[in-house]
Amino acid sequence: MTSNPVQINDVADRLFATIERGDGEALAAMWADDIVVWRQGGGRERDKPRGLKVIEWFVGATADRRYEVLDRQLFDGGFVQQHNLHASGNYGTPLTFRACLVVKVGADGLITRIDEYLDPSDLAALVR
């Protein structure tokens, strides 16, 4: 794991900017091949292809996305971030929900694990 705070902060900034842009290819390049993705309410850990499909679904269900960072704390090998995610659903429904992510970053700068904490009911407006 990397302990370089500048590198970790850069990874964090790029991660959320990539999701805001909806750039799945760039996101995949940031994730280690053996990444583990876990989401509260998701029931199980997911691998890279499945984790990317979830992000792809979210990007496809929203017209735009913007992260409002409430707090970010770096630790040796990663970061914890609390944020509000503001988005517009494809049906014009405004959406804002609070989430917390714990992200681990390898020595090579690739993301090796993401644990996401959010209320799954906040996403109900995107499912029709």
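For D33, the CG atom is loosely surrounded, since the number of other residues' heavy atoms within 6.0 Å does not exceed 12.
Of all heavy-atom pairs between L118 and A99, the closest is CB-CB, 4.0 Å. Taking both residues in full, the closest heavy atoms of Q7 and G109 are given as NE2-CA, 3.3 Å, listed atom of the first, atom of the second, then distance. Counting all heavy atoms, side chain and backbone alike, P5 lies closest to L74 at O-CD1, 3.6 Å. Smallest separation of non-hydrogen atoms from G51 and R46: N-CB, 4.3 Å.
In terms of modelled atom types and a separation under 3.5 Å, the side chain of K104 and the main chain of I114 share no donor-acceptor contact. At least one donor-acceptor pair under 3.5 Å links the side chain of R65 to the backbone N or O of I19. A distance-only check finds a donor-acceptor pair linking the side chain of T62 to the backbone of F58 [under 3.5 Å].
Both W57 and I55 belong to a single network of hydrophobic side chains, linked directly or stepwise wherever heavy atoms of I, L, V, M, F, W or Y lie under 4.5 Å apart. The cluster map of Ile, Leu, Val, Met, Phe, Trp and Tyr, joined by side-chain heavy atoms under 4.5 Å apart, puts Y67 and V59 in the same cluster.
Of the listed residues (T93, L95, D64), just one forms a side-chain contact (heavy atoms from CB on, under 4.5 Å) with S88, and that residue is D64.
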Handout entry: Check against salt bridge (charged side-chain N to carboxylate O under 4.0 Å, His left out), D34 and K48
Key = CA-CA 7 Å; D34 60 349; K48 184 174 183 173; over 6 Å; no
Exercise for the section: In sequence, state the C-alpha distance, the side-chain angles, and the governing distance for T112 and V105, and then conclude on side chain to side chain contact (heavy atoms under 4.5 Å, CB included). Expected result: CA-CA 6 Å; T112 61; V105 180; over 6 Å; no
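Between I111 and R113 the shortest side-chain heavy-atom distance does not fall below 4.5 Å. Looking at heavy atoms from C-beta onward, W31 lies in side-chain contact with L52 at the 4.5 angstrom threshold.
With sequence neighbours left out, the side-chain contact (heavy atoms from CB on, under 4.5 Å) criterion links V102 to F75, V80, D115, Y117. With sequence neighbours left out, the side-chain contact (heavy atoms from CB on, under 4.5 Å) criterion links R21 to A17, T18, D23, A26. Partners of L110 according to the side-chain contact (heavy atoms from CB on, under 4.5 Å) rule, which considers only residues two or more places apart in sequence or in another chain, are A32, D108.
Aromatic rings of F16 and H83 (six-membered ring for Trp) have centroids within the 6.0 Å cut-off, being under it.
Between the side chains of N9 and R72, at least one donor N or O lies within less than 3.5 Å of an accepting N or O.
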